[in-house]
There are 2 protein chains.
Amino acid sequence: MTKTKLTLKDVALQLGVSTATISNAFNRPDQLSKARREHILAECDRIGYTGPNKAAQILRKGRSNIVALVLADSIPYTVSDPVASTFIKGVSSILQQQGKHLLLYAGDSESILDVVDFVDGFICYGAPRNYKLAEELARQSKPAITVDFDIEGLPSVNIDNYNAAYQIAKKAISPGDQVAILGLRLIESPSTCRIYDSPLIEVQTSISHRRLDGYMKAIDESEATISNDWVWHIPESERSFAKQAAKEVLNSNPRPNTVLCMSDIIALELLQSALSMGIKVPEELKITGFDGIEEADRTRPNLTTVCQSSALKGEMAAQALLSESLKSTVLPFDLKMGETVSA
Amino acid sequence: MTKTKLTLKDVALQLGVSTATISNAFNRPDQLSKARREHILAECDRIGYTGPNKAAQILRKGRSNIVALVLADSIPYTVSDPVASTFIKGVSSILQQQGKHLLLYAGDSESILDVVDFVDGFICYGAPRNYKLAEELARQSKPAITVDFDIEGLPSVNIDNYNAAYQIAKKAISPGDQVAILGLRLIESPSTCRIYDSPLIEVQTSISHRRLDGYMKAIDESEATISNDWVWHIPESERSFAKQAAKEVLNSNPRPNTVLCMSDIIALELLQSALSMGIKVPEELKITGFDGIEEADRTRPNLTTVCQSSALKGEMAAQALLSESLKSTVLPFDLKMGETVSA
DNA sequence: ATGAAAGCGCTAACAC
DNA sequence: GTGTTAGCGCTTTCAT
């Protein structure tokens with residue numbers, strides 16, 4: 001006996017009713033009497049029919065209950081990033097609660113076209129490394145929402161990066177300070193480097209540039225100084241990249257006494273490097289981070305940083321997508337005054 | 001003008017060729033002349049047809065290029081666990097390379113039936129919290145592979161947990177030691193507690209019980225002692241749960257001088273608690289972990305632990321699934337002698 | 001309340 | 001090489 005899978009038609013035949021009735025028994029309880037429905041369901045259970053084939057339903061209904069989460073980077077990179085995985089956490093909690101499935105889509109993939117036909121919508125977390133994806137996203141017609149960046153015509157979830165950076169910098173900087181900035185993805189380079197006068201990328205949409213502007217305003221207002229070779233580009237919020245930048249900053253002569261970092265990972269790496277070189281934090285070196293990851297509060301000294309709730313971002317994005325509300329949201333942030341900046 | 005999506009049929013009509021030819025142009029280059037194919041593709045591009053609808057392809061071909069990763073726990077929990085996210089990393093690197101999509105499926109979901117019809121296969125990472133999923137997995141007919149546990153009839157990827165536990169314990173324990181064990185998911189309880197004589201779960205398949213057996217053998221052989229109320233159950237490898245167990249262990253009177261932990265997260269939490277209580281490690285307290293996460297090597301003292309490559313596990317599992325080889329694999333592990341055990 | 005039938009968009013066997 | 005056609009498994013009008 002070959003075990004070929006039962007179809008709705010088979011079952012209808014066996015039970016001597018029409019396919020529509022079986023279909024209704026599973027999908028539209030109101031379309032048939034309770035007794036009939038229960039009888040049919042019981043029979044299906046008995047003969048081993050587990051319900052309508054989902055692949056066929058996707059085609060027929062045009063709905064799959066699959067939501068694609070388009071990431072900025074590759075999946076391997078993203079899941080090991082604490083900020084991103086917290087975001088995923090938020091998204092998935094809402095999706096699960098609504099019976100939706102989560103498809104992870106890497107931001108360095110070829111084209112969104114290979115999933116667009118069978119997903120119900122997109123959440124796009126950060127500017128995808130392959131920027132073509134963003135354009136495709138703008139052009140296609142399924143519901144979509146962006147987070148931490150914008151696509152013309154789509155709703156988004158964001159924080160006010162300019163202000164957050166400005167405020168944390170104001171807290172950290174005193175008149176006369178010598179400031180350096182460890183920036184995230186400011187230019188196209190795949191390696192850590194100073195930016196000098198390199199062409200900047202996506203200046204208008206990138207959150208990094210908004211943060212940079214906020215920092216600069218604060219430096220300017222505080223009568224501190226920053227030289228044009230004291231802004232670093234770090235391609236990914238990843239420890240090895242950050243470590244190199246940390247080394248370069250700390251070996252500068254003269255050395256900055258305040259370093260503004262665009263992620264906590266970067267800041268923590270800098271902190272660790274500084275401590276192991278015997279540099280006193282915050283007496284000789286003040287450090288600020290960005291994100292508010294848990295680990296940043298476990299270090300001694302703990303980090304002064306901007307706390308944003310990535311989980312909440314994820315929840316908001318998922319909720320907005322599922323309700324198809326087209327409103328953009330700006331989420332609040334908190335300043336966390338830690339020990340890496342003197343009180 | 002309403003913008004209704006183009007279908008293969010529309011295009012065939014417009015270009016004056018048959019649907020089969022268009023289909024072949026996209027799927028089977030060898031079935032038509034190069035010139036014709038290129039002409040068709042160019043025309044499609046011009047009129048805005050981006051290729052055959054994937055939902056229809058899934059139904060027709062019975063293949064979606066989607067692989068479901070069935071997790072032991074909820075998605076939120078899993079992505080924040082460093083071991084699991086490293087595993088995901090491994091899986092996704094292979095999938096991406098092979099043009100497959102990744103669907104995350106929570107281990108506490110209702111039933112695999114709502115995806116089985118449209119995914120190409122399953123990777124099951126750890127015994128799903130809702131154990132019914134494992135049974136469904138055994139019964140369905142798509143390719144599937146398990147990791148860190150077994151389902152009758154399915155290939156698996158594992159390490160030798162018994163031996164790993166035995167060996168690390170042997171390294172840690174000296175004659176006369178008083179040993180305690182911080183175990184992971186040993187009983188059904190959702191909260192941290194001592195197990196005394198509680199009924200154990202899935203004793204035969206659970207990796208935790210294999211580890212427990214390994215520890216016990218080593219304790220026995222080393223002429224050390226463990227009392228029956230010195231084995232803790234921790235429901236998840238999560239800091240808050242671990243913290244509580246750590247507190248209970250360290251406040252025991254008398255206090256063990258050796259604690260074997262079933263995950264690095266647990267061990268790190270214990271280490272931190274011990275240090276903050278002024279207990280000297282390893283002089284007064286020896287600690288071993290399990291997994292070999294990165295953070296375990298960044299602490300002072302760094303952790304003595306069992307290193308298993310979760311990324312490799314993920315790669316192996318994905319590769320095995322895609323090649324449909326039915327062989328099970330036992331991966332090697334390394335003992336890492338850190339400073340939490342005296343040399 | 002239930003059944004008949006069209007067709008979602010495509011692929012693959014087969015005929016030409 | 002190219003076209004015709006059956007049908008993947010289902011849902012949903014529409015008639016009854």
Side-chain angles (χ1 to χ4, degrees), chain A residues 4-41 43-44 47-65 113-120 140-142, chain B residues 4-41 43-44 47-65 113-120 140-142:
Chain A
T4 176
K5 230 195 163 196
L6 285 172
T7 72
L8 189 60
K9 211 164 133 196
D10 299 333
V11 175
L13 218 57
Q14 277 197 42
L15 300 200
V17 296
S18 81
T19 57
T21 304
I22 310 284
S23 174
N24 284 333
F26 281 96
N27 299 312
R28 316 179 54 177
D30 52 309
Q31 298 296 299
L32 69 177
S33 73
K34 191 163 176 179
R36 199 153 161 67
R37 171 158 189 265
E38 278 170 0
H39 170 248
I40 289 176
L41 259 28
E43 280 301 291
C44 287
I47 65 184
Y49 179 69
T50 51
N53 180 295
K54 302 301 179 212
Q57 283 187 320
I58 296 175
L59 177 58
R60 180 60 230 234
K61 294 187 167 176
R63 244 175 1 87
S64 63
N65 292 326
L113 291 177
D114 48 34
V115 301
V116 69
D117 293 327
F118 65 80
V119 303
D120 293 347
Q140 59 85 43
S141 60
K142 304 246 169 139
Chain B
T4 177
K5 226 188 166 201
L6 284 171
T7 72
L8 190 60
K9 213 163 132 195
D10 299 334
V11 176
L13 219 57
Q14 276 198 42
L15 301 200
V17 296
S18 81
T19 58
T21 304
I22 309 283
S23 175
N24 284 334
F26 280 96
N27 300 311
R28 316 177 55 174
D30 51 311
Q31 296 295 298
L32 68 175
S33 73
K34 192 164 175 180
R36 199 155 161 69
R37 171 159 190 267
E38 279 171 359
H39 170 249
I40 288 176
L41 261 30
E43 280 301 292
C44 287
I47 66 184
Y49 180 69
T50 52
N53 181 295
K54 304 299 179 210
Q57 283 187 321
I58 296 175
L59 177 58
R60 180 61 231 235
K61 294 188 169 177
R63 245 176 0 88
S64 63
N65 291 325
L113 291 176
D114 48 33
V115 301
V116 68
D117 292 328
F118 65 80
V119 303
D120 293 347
Q140 59 84 44
S141 61
K142 304 247 168 136

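Just so we're clear, the structure is a prediction, and the values are computed from it rather than from any experiment. These numbers come from the heavy atoms of this one structure, side chains and all, not from hydrogens, waters or symmetry mates. So you know, we letter chains A, B, ... as the sequences are listed, proteins then strands, and number each from 1.
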Checklist outcome for this item: When rounded to whole Å, the NE2 to P distance for the pair A:His39 and C:dT2 reads 12 Å
Checklist outcome for this item: Each nucleotide of nucleotides 7-16 of chain D classed B (base within 4.0 Å of a protein heavy atom), S (only sugar-phosphate) or -, in 5' to 3' order, makes BBBBBB----
Checklist entry - Given atom CD1 of A:Ile58 and atom P of C:dC10, what is their separation to the nearest angstrom? => result 15 Å
Checklist entry - Looking at side-chain heavy atoms only, is the closest gap between B:Val115 and A:Lys54 below 4.5 Å? => result no
Item to check | Short side-chain donor-acceptor distance under 3.5 Å, B:Thr21 and B:Asn24 | outcome: no
Next on the checklist: How many whole angstroms separate atom CZ of B:Arg63 from atom P of C:dG9?
Outcome noted: 21 Å
Next on the checklist: Do B:Lys61 and B:Asn27 have side chains that approach each other closer than 4.5 Å (heavy atoms only, starting at C-beta)?
Outcome noted: yes
Checklist entry - Is a side-chain N or O of A:Ser64 found less than 3.5 angstrom from the main chain of A:Phe118, in a donor-acceptor match? => result yes
Checklist outcome for this item: Between the NE2 atom in A:His39 and the SG atom in A:Cys44, the distance rounded to the nearest 0.5 Å is 9.5 Å
Item to check | Gap between atom CG of A:Leu8 and atom CD1 of A:Ile22 - 0.5 Å precision | outcome: 6.0 Å
Item to check | Protein-nucleotide distance (A:Asp117, atom CG; C:dT11, atom C1'), rounded to Å | outcome: 15 Å
